[in-house]
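A short write-up of the structure that comes next.
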Protein chains: 2
Amino acid sequence: MSETPPHRKRDASATTEAILTAAREVFTEKGYDGAGTREIAERAQVNVALISRYFGSKEGLFAAAVPPMMTLDAVLAGDMAGFGTRLAASLTHKTARKGFDPMLALLRAASSPEAVPVLRQALQAQVLHPLADRLEGPATLERAALIGALVVGFDLLTRVLGLTATGADAMDALEQTLAKSVQALVDQR
Amino acid sequence: MSETPPHRKRDASATTEAILTAAREVFTEKGYDGAGTREIAERAQVNVALISRYFGSKEGLFAAAVPPMMTLDAVLAGDMAGFGTRLAASLTHKTARKGFDPMLALLRAASSPEAVPVLRQALQAQVLHPLADRLEGPATLERAALIGALVVGFDLLTRVLGLTATGADAMDALEQTLAKSVQALVDQR
DNA sequence: GTCTATATAATGATAGAC
DNA sequence: GTCTATCATTATATAGAC
């Protein structure tokens with residue numbers, strides 16, 4: 001053997017994957033502005049220059065990392081009669097999920113002009129339209145948007161701003177009321 | 001007269017007011033991270049150094065400028081039977097309000113750690129609690145929080161991310177559905 | 001009370017060696 | 001395919017003259 005110290009793997013796809021994974025985590029925690037390319041590279045155990053190499057720019061990295069992961073498939077699976085309950089449970093039972101969280105990433109990037117266009121497009125195509133397609137009756141897109149608003153606002157208040165329900169029964173009341181509001185939007189016609 | 005060229009007024013209170021007004025506008029437009037002290041000073045027609053002089057830091061300026069203005073008084077005035085309608089109208093009829101907008105400022109600062117504590121406190125004390133006090137029945141604070149989530153989420157989707165309802169009748173449907181959802185949370189018991 | 005000038009630190013991006 | 005080194009820009013904050 002000869003010399004080959006500094007890097008673990010000479011594989012472009014493994015490198016890009018490591019960058020994407022790290023980027024998703026850091027964007028989730030710090031938002032678009034707060035996430036630095038150096039920190040992302042460090043977490044990926046990769047040289048900073050490779051971010052520009054493979055993704056062109058921080059903006060390109062964000063677009064490749066976050067929007068493709070935005071989906072509602074998990075809660076859309078199942079009958080729509082139980083949608084409100086499922087959705088409310090998924091929002092209140094977020095058991096300190098660490099790592100990537102598309103919703104947090106969206107909330108913490110929404111104030112950055114570079115991120116807004118791709119976020120809007122992904123939200124439309126991958127969340128609101130699929131949800132609207134599962135609704136019956138009039139104004140399905142508008143009702144889907146209001147369900148989206150409820151979800152987004154709930155997460156903003158509780159997980160970004162850190163508002164807390166005081167006590168376990170308050171949490172129950174919150175979850176039930178949320179489920180009811182969502183289901184009312186689903187059942188409306 | 002002798003020499004006195006570069007500044008219009010030698011008055012601390014006028015200067016701090018000019019800074020506060022400019023800061024509110026810039027924070028609204030650009031968010032906490034995006035707003036630069038230079039830009040704020042320029043818009044206030046004031047020297048940059050005076051921001052540190054009077055507010056200590058950018059964080060101090062934000063705390064002095066935005067949170068004290070967060071209030072729900074305008075829509076809380078009136079009987080609660082019409083609250084949903086009033087609130088929905090105030091959200092959808094935002095006729096391109098220019099200048100300071102507390103809700104936009106909140107949304108665009110929520111991803112910045114320096115802004116979160118003061119935003120949470122102001123939201124609790126000046127918005128959610130006053131609203132909860134006007135509600136009757138059980139779990140008033142939780143229902144107030146969900147109304148807040150709906151409002152915050154709605155503005156995030158429409159004004160920060162720029163989702164648009166397609167057509168005037170779609171806007172009507174949106175407004176009516178929103179009013180209905182809010183009022184259901186008010187009337188619940 | 002306000003100014004200029006600067007200290008200090010961080011950023012995103014790139015050129016070119018290996 | 002990956003590295004080091006650096007460029008260029010920008011940011012907040014402060015010291016000290018006026």
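Side chains are part of it too, since the values below use all heavy atoms of this structure and drop only hydrogens, waters and symmetry mates. The chains referred to below are lettered A, B, ... by the order of the sequence lines, with proteins before strands, and numbering in each begins at 1.
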request  = Indicate yes or no: at least one non-hydrogen side-chain atom of B:Ser181 is less than 4.5 angstrom from one of A:Leu185.
outcome  = yes
request  = Kindly give the heavy-atom pair with the smallest separation between A:Ala115 and A:Val118, and that separation in Å.
outcome  = O-CG2, 3.2 Å
Inter-residue atom distance A:Thr16.OG1 - A:Asp11.CG, 0.5 Å rounding = 8.0 Å
ask   = Between CG of B:Leu157 and CG of A:Leu150, what distance do you get to the nearest 0.5 Å?
value = 11.0 Å
Straight-line distance of B:Arg43 CZ to B:Arg24 CZ, nearest 0.5 Å = 13.5 Å
List the atom pairs, with distances to 0.1 Å, where a side-chain N or O of residues 60-84 of chain A and a protein N or O form a donor-acceptor pair under 3.5 Å, not counting sequence neighbours.
residue	atom	partner	partner atom	Å
A:Thr71	OG1	A:Asp73	N	3.0
A:Thr71	OG1	A:Asp73	OD1	3.1
A:Thr71	OG1	A:Asp73	OD2	3.2

inquiry  = Per the ring-ring contact (aromatic ring centres under 6.0 Å, His included) rule, what does the pair list look like for residues 101-152 of chain B, sequence neighbours excluded?
reply    = none
key: Base-pairing string, 5' to 3', of DNA chain C - Watson-Crick or wobble, under 3.5 Å, | interstrand   = |||||||.||||||||||
query = Where along residues 47-58 of chain A does a heavy atom come under 4.0 Å from DNA chain C, residue by residue in number order?
reply = A:Ala49, A:Ser52, A:Ser57, A:Lys58
query = side chain to side chain donor-acceptor pair (under 3.5 Å) between B:Thr28 and B:Asp101: does it pass, once the steps are laid out?
reply = CA-CA 6 Å; B:Thr28 297; B:Asp101 185 321; over 6 Å; no
query = Yes or no on side chain to side chain donor-acceptor pair (under 3.5 Å) for B:Glu175 and B:Thr92, after CA distance, side-chain angles and deciding distance?
reply = CA-CA 7 Å; B:Glu175 185 174 343; B:Thr92 53; 3.0 Å; yes
query = For DNA chain C, what residues of residues 27-43 of chain A have any heavy atom nearer than 4.0 Å?
reply = A:Ala35, A:Gly36, A:Thr37, A:Arg38
task = Could you check if a side-chain atom of B:Leu141 sits within less than 4.5 angstrom of a side-chain atom of A:Thr166, using non-hydrogen atoms only?
result = no
Interface with DNA chain D, restricted to residues 110-119 of chain B and to heavy atoms under 4.0 Å = none
